[in-house]
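Okay, structure first, notes after.
Here is the naming used below: chain letters follow the sequence lines, and residue numbers restart at 1 for every chain.
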Amino acid sequence: MRLSHAFIPTLKETPAEAQIASHRLMLRAGLVRQTSAGIYAWLPLGLRVLRNIERIVREEQDAAGAQEILMPTIQPAELWKESGRYEDYGKEMLRIRDRHDRDMLYGPTNEEMVTDLFRQSVRSYKELPQILYHIQWKFRDEVRPRFGVMRGREFLMKDAYSFDIDHAGAVASYRKMMLAYMRTFQRLGLKAIPMEADTGPIGGDLSHEFIILAPTGESQVYYDAAFEEIDYGAGGGFSHEKPEDLARFFEVMTGHYAATDEKHDTARWDQVAANRKREGRGIEVGHIFYFGTKYTKSMGATVAGPDGKQVHPEMGSYGVGVSRLVGAVIEASHDDNGIIWPDSIAPFKAVILNLKVGDAGCDALCARLYAALGGNALYDDRTDRAGAKFADADLMGHPWQIIVGPRGAAAGTVELKRRATGERVEVTPEAALARIGG
RNA sequence: CGGAGCGUAGCGCAGUCUGGUAGCGCAUCAGUCUGGGGGACUGGGGGUCGUGGGUUCGAAUCCCGCCGCUCCGACCA
C-alpha cells in the first residue's frame, strides 16, 4: 500500500478523550475512529491488525478441534426467555423490536443460540464431543465504556461452546480450550496468565480468566513467574489429542500461584519465592467457563446416551476479546514514539521510507523493494520531510523500517531499522529483504 | 447507577466571569526555498460557537430544557 493514497489518518496531537496509551495510539496511528461512546469504526491499519489476531485465534481453535460457524448478531428474545436470562441480563442487553413488534436483541453472547442449534440437530452421544465457535460482533450496553476498544460496547469476540456427554468429557474440552488459549496468547506476543475466576451471570463452577500484565489494567493481579517460562507451543510437548497431556498441562497451569485481588490469598502468596513473585495491573483478554447442564436443561437439549436414555449434555463456553486484544497488545508493547507491533500481528511487516521522493535513485530502489515485498509492505512515498516519515513510521509501529536515502541509493545500500530495539544497520537491499523474510 | 466536567475549524485550545457578531497553534491548499527525526517564508480556504427555547437593540458569552462526550467510583469479554 502506498501511504500517499492510503486511508491512514495519523494525528500529531492526541484527541482529548483518549486517556490511556493504547487508545491514544490507536487514534493517533489511524487504526480506529470513534463513532459514539464505546463504538468504533476500524480503518485499514486497525482492520489489518484485527484480522491478523482473528487469524491466529482461528488457527488455534481449529487446531484444538473446534469448528467455526457464524451465528447472527440479532437474536430473538424467545431463546433468552427459555434460559431465564432475558430478565437476568438487565440493561446491559440492547433490546430492540422489529416491525412486527417481536422482541429481539443484539447478542451479548451466544449460549442460548448455540444450544438451540445443537438441540435441533444432535441426537446421539456418538456425535459428541462438539466444540463450535464463531468470531462475531457483540454488543453489551456498558454503563461506562472507556479505554477505547478495551472496554467498548460493541466488540469483536471469539466465543466457543463445547458439548460433552459427561463431566469428564467437559473437563477435557475445558482443558483443550485452555491450551488453545495459552498458545494463542503466546503467538500474539503476550504473557497471559490463567487465573481462577468467578463465573458471574454465565453460571457454573469452574472458570479461569486470562490476564496480561499492563500498567493500565483494571485489576490488581499476583502470579508466580514460573508461568512466564512455559512453552505452550510445539516445544512444550502438550497435545490436544492425548488426555494425559491435557491433564499434565492443566496441572502445570493450576500448580503455580496466580490470582486477581478478589481471590488473592496472602498465605499462599507468602509461599512463593520472593524472586518469582510478580504483581501488577492486569487486563482480562479471555475467560473460560464450565457450567454443565445449565442451558441444556433449561432449554431442553438432550441426546441419547449409550443406554438409550436421554441425557443433558455438559457445556462450557470460551471467550476471547479479539478487538480488546488490539488494545491490550498495544498496552503491552509501545514506547514514547508509538506502537511496537509483534511480527505476528503487525499490519505490515515493513515500511519503506523514501526519504527523497523525486530522486531517481531513491524512487527506483524503493520501487524495487516495494515490488519484492508486495502486500506485506507499506510504502511511504509521500513528499513529506524525512522527520515526519520517521515519526509516522515509529507511531504506526511496523516491525521493520527500510530507510532509503539518496546517499545509500547511490551506494546501493539501505538502512534497516528494527522498531522494537531501535537497532539500525546499513545493508544491501537484498540483505534487507532476506532479513525481513517473505 | 452515584459524583464531577466538557462541547468554539480536521486535531489541540483561547475567548464565556465583565454581552457588541470569532481567534491562536498544528493540519490543509497554492507557491518559493529546503531536504536523514514532525523545516522556513508568502498567500489562501475552512466555523449555523452541540441543539431547542428564553432574556436583550444585540448572545459563543446570561437563563432554562434537551442531546452528545469524558473523567472518578461501584459493575463487566
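Proximity of A/Q34 to the phosphate of B/U70: a side-chain N or O atom is located under 4.0 Å from OP1 or OP2. Contact between the side-chain N/O atoms of A/K12 and the OP1/OP2 oxygens of B/A27 is found at a separation under 4.0 Å. Residue A/R153 places no side-chain N or O under 4.0 Å from the OP1 or OP2 atom of B/A77. Between B/C1 and A/K91, a contact under 4.0 Å exists linking OP1 or OP2 to a side-chain N or O.
Side-chain proximity of A/F289 to the nucleotides B/G36, B/U70, B/A77 is greatest for B/A77. Taking only side-chain atoms of A/P15, from C-beta outward, the nucleotide of B/G38, B/G12, B/A77 with the closest atom is B/G12. Nearest nucleotide to the A/E17 side chain, out of B/U70, B/G36, B/C13: B/U70.
Checking B/C66 for Watson-Crick or G-U wobble geometry (two distances, each under 3.5 Å) identifies B/G50 as its partner. Pair check for B/C75 finds none; no Watson-Crick or G-U wobble contact set falls under 3.5 Å.
Residue-level contact check: A/A391 touches the bases, meaning some heavy atom is under 4.0 Å from a base atom. Among the protein residues, A/S36 comes within range of the sugar-phosphate backbone only, with heavy atoms under 4.0 Å from sugar or phosphate atoms but none that close to a base.
Looking at A/R385, its side chain has no donor and acceptor atom pair within 3.5 Å of the base of B/G35. Taking only distance into account, the side chain of A/D384 never meets the base of B/G38 through a donor-acceptor pair shorter than 3.5 Å.
Between A/Y257 and A/H264, the side chains place a donor N or O and an acceptor N or O closer than 3.5 Å (distance only, hydrogens not considered).
Between the side-chain ring of A/F155 and the base of B/A77, a stacking contact exists by the 5.5 Å and 30° definition.
Residues A/E423 and A/K417 are not paired through a salt bridge, judged by the lack of any N-O separation under 4.0 Å between the basic side chain and the carboxylate.
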